[in-house]
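A short worksheet on the structure shown next.
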Amino acid sequence: MGPRIAVLLDENTSSGATRYEAHKGYFLGLRDAGAAPFGLPYFAEMIPGVVADFDGLLSVGGRFAYPPAWYLDGEASFAPDSPRLAVEQSLMGGFLAAGKPVLGICAGMQMLACLHGSRLTADVRTLGDVLDHDNRDQRHEISILPGSRLAGLIVAPTLEVNSFHREAIAQLGSQVRAVAHAPDGVIEAVELDGPGFALGIQWHQELFAGADHPGDAIFRGFVAACETPKNR
């Protein structure tokens, strides 16, 4: 068994919030990269043990509202509230404080950025003449910042990705660096300053699981970071 990865589950906020859920691609991508993934419910009492016992955290996509202060002035989320917010804040903060790797996908990227002073727009279309980002079938190219951790994983200046998000990062916190952009300038990946693995991607890499997509290197790099002696 490889490193144990905690996967914070999403919930069906659009239809009553009666079920935890997560695309199987998250688990397949981690398993294929050599990890043992485990889904986590929203139980606050589990957080200290999870942070102590697991080697890394994957925070998945989802549709739920962040605090109003995390948005640009005058904006608010169109999504419903969720108990995921408080659990994810504590869980991600705990892993980062322990120096353990964190990978955020879509909403998970936004959480990583906003916990470090970034702000969102509730509708990516307010950023100007942008692509159709809220379309599961839409694909576009991203450009990757040379010298970034992401560039070291992908080993190519560009990558074709999917696009399925309404909210987007509009302002970056001082500790957050944008390391990939769509052709329209929308931020597609962020990293935290420092030596640890703290990476967020806006697209849904899990939807490429099993397709031999170049972005699978992100799962492999994340799992490799979780295998370091510090985390075992």
Side-chain angles (χ1 to χ4, degrees), residues 5 7-14 21-33 35 37 39 57-64 66 77-79 84 102-114 118 120-145 148-170 178-191 199-223:
I5 308 298
V7 180
L8 182 64
L9 299 171
D10 191 29
E11 63 176 345
N12 59 326
T13 53
S14 298
E21 57 188 25
H23 194 281
K24 289 182 180 179
Y26 294 113
F27 298 90
L28 292 172
L30 290 173
R31 183 207 61 183
D32 291 348
L57 171 68
L58 171 61
S59 183
V60 306
R63 181 177 179 270
F64 62 98
Y66 292 119
S77 179
F78 298 97
R84 170 177 167 173
V102 170
L103 173 61
I105 293 180
C106 198
M109 180 192 88
Q110 294 164 4
M111 173 66 72
L112 180 66
C114 288
S118 301
L120 303 170
T121 176
D123 189 336
V124 66
R125 293 172 295 181
T126 65
L127 298 179
D129 185 15
V130 298
L131 301 171
D132 181 10
H133 285 269
D134 192 11
N135 184 340
R136 184 186 296 270
D137 298 321
Q138 177 81 6
R139 291 196 182 188
H140 61 74
E141 194 173 77
I142 62 169
S143 56
I144 299 172
L145 181 69
S148 62
R149 178 182 292 275
L150 180 62
L153 297 175
I154 301 300
V155 197
T158 62
L159 182 69
E160 185 182 68
V161 302
N162 52 41
S163 193
F164 191 44
H165 62 103
R166 184 172 187 177
E167 300 187 354
I169 296 174
V179 296
H181 292 84
D184 55 14
V186 170
I187 295 172
E188 290 284 339
V190 298
E191 297 175 6
L199 171 65
I201 60 174
Q202 185 64 76
W203 70 92
H204 287 267
Q205 187 60 42
E206 77 280 3
L207 298 182
F208 294 116
D212 195 26
H213 186 270
D216 291 341
I218 295 168
F219 285 131
R220 294 193 293 271
F222 172 53
V223 171

TODO: I would like to know whether L159 and I144 meet side-chain contact (heavy atoms from CB on, under 4.5 Å); could you show each step before the answer?
DONE: CA-CA 8 Å; L159 182 69; I144 299 172; 4.3 Å; yes
TODO: Please check if the side chain of S77 supplies one atom and the backbone of A122 the other of a donor-acceptor pair under 3.5 Å.
DONE: no
- [ ] Could you tell me whether the side chain of N12 and the main chain of S14 form a donor-acceptor pair under 3.5 Å?
- [x] no
Task: Gap between atom OH of Y66 and atom SG of C114 - 0.5 Å precision - done: 6.5 Å
TODO: For V190 and V179, work out which heavy atoms get closest and say how close.
DONE: N-CG2, 3.9 Å
Open item on the list: Measuring from atom SG of C106 to atom CZ of R166, what distance do you get when rounded to the nearest 0.5 angstrom?
Closed with: 13.0 Å
TODO: Mind running side-chain contact (heavy atoms from CB on, under 4.5 Å) on L145 and L150 for me, showing each step along the way?
DONE: CA-CA 8 Å; L145 181 69; L150 180 62; over 6 Å; no
Open item on the list: Holding to ring pair (Phe, Tyr, Trp, His ring centres under 6.0 Å), I want the full list of residues that pass it with F222, two or more places apart in sequence or in another chain.
Closed with: F197
Open item on the list: Looking at every non-hydrogen atom in both residues, tell me the closest pair between L112 and V102 and how far apart they are.
Closed with: CD1-CG1, 4.4 Å
TODO: Determine the minimum heavy-atom distance between E188 and W203, stating which atoms define it.
DONE: O-CZ3, 3.4 Å
- [ ] Specify the closest pair of heavy atoms between I169 and A113, including all atoms of both residues, with the distance to one decimal.
- [x] CD1-CB, 3.5 Å
Open item on the list: The criterion is side chain to side chain donor-acceptor pair (under 3.5 Å); which residues satisfy it with S148, sequence neighbours excluded?
Closed with: none
Open item on the list: What I want to check is whether the side chains of D132 and H140 have a donor and an acceptor closer together than 3.5 Å.
Closed with: no
Task: Donor + acceptor pair across side chains of H133, S163 (<3.5 Å) - done: yes
- [ ] Please list, chain by chain and in numerical order, all residues satisfying side chain to side chain donor-acceptor pair (under 3.5 Å) with D134, sequence neighbours excluded.
- [x] none
Task: Pairwise distance CZ(F219) to CZ(F208) - rounded to 0.5 angstrom - done: 11.0 Å
Task: 4.5 Å side-chain heavy-atom contact, N135 and N162 - done: no
Open item on the list: In the structure I gave you, are the side-chain heavy atoms of E206 and I105 within less than 4.5 Å of one another anywhere?
Closed with: yes
Open item on the list: Checking S118 now: which residues fulfil side chain to side chain donor-acceptor pair (under 3.5 Å) with it, not counting sequence neighbours?
Closed with: none
Task: For P214 against I154, the heavy-atom pair lying closest together - done: O-CD1, 3.9 Å
Open item on the list: Show the nearest heavy-atom pair for residues V60 and L9, with the distance to one decimal.
Closed with: CG2-C, 4.2 Å
Task: Contact check, side chains of L58 and L8, non-hydrogen atoms, under 4.5 Å - done: no
- [ ] Rounded to the nearest 0.5 Å, what's the gap from CD on Q110 to CD1 on I187? Could you check?
- [x] 10.5 Å
Task: Residue pair I142, T158: steps toward the side-chain contact (heavy atoms from CB on, under 4.5 Å) verdict - done: CA-CA 5 Å; I142 62 169; T158 62; over 6 Å; no
- [ ] Would you kindly say whether T126 and T121 are connected by a side-chain donor-acceptor distance under 3.5 Å?
- [x] yes
Open item on the list: Do the side chains of R139 and E160 get close enough for a salt bridge, i.e. N-O under 4.0 angstrom?
Closed with: yes
Open item on the list: Within this structure, what is the NE2-NE2 distance for the pair H204 and H23, rounded to the nearest 0.5 Å?
Closed with: 10.0 Å
TODO: Mark yes or no: R84 above the aromatic ring of F64, with NZ or CZ under 6.0 Å from the six-membered ring centre and no more than 45 degrees from the axis.
DONE: no
Task: side-chain contact (heavy atoms from CB on, under 4.5 Å) assessment of E141 paired with V161 - done: CA-CA 6 Å; E141 194 173 77; V161 302; over 6 Å; no
Open item on the list: Test of understanding: with ring pair (Phe, Tyr, Trp, His ring centres under 6.0 Å), list the residues that count as partners of F27, not counting sequence neighbours.
Closed with: none
Task: G61 backbone acceptor or donor facing Y26 side chain under 3.5 Å - done: yes
Task: With sequence neighbours excluded, residues passing side chain to side chain donor-acceptor pair (under 3.5 Å) with D216 - done: Q205
TODO: Any chance you could measure I218, atom CD1, to L103, atom CG, to the nearest 0.5 Å?
DONE: 7.0 Å
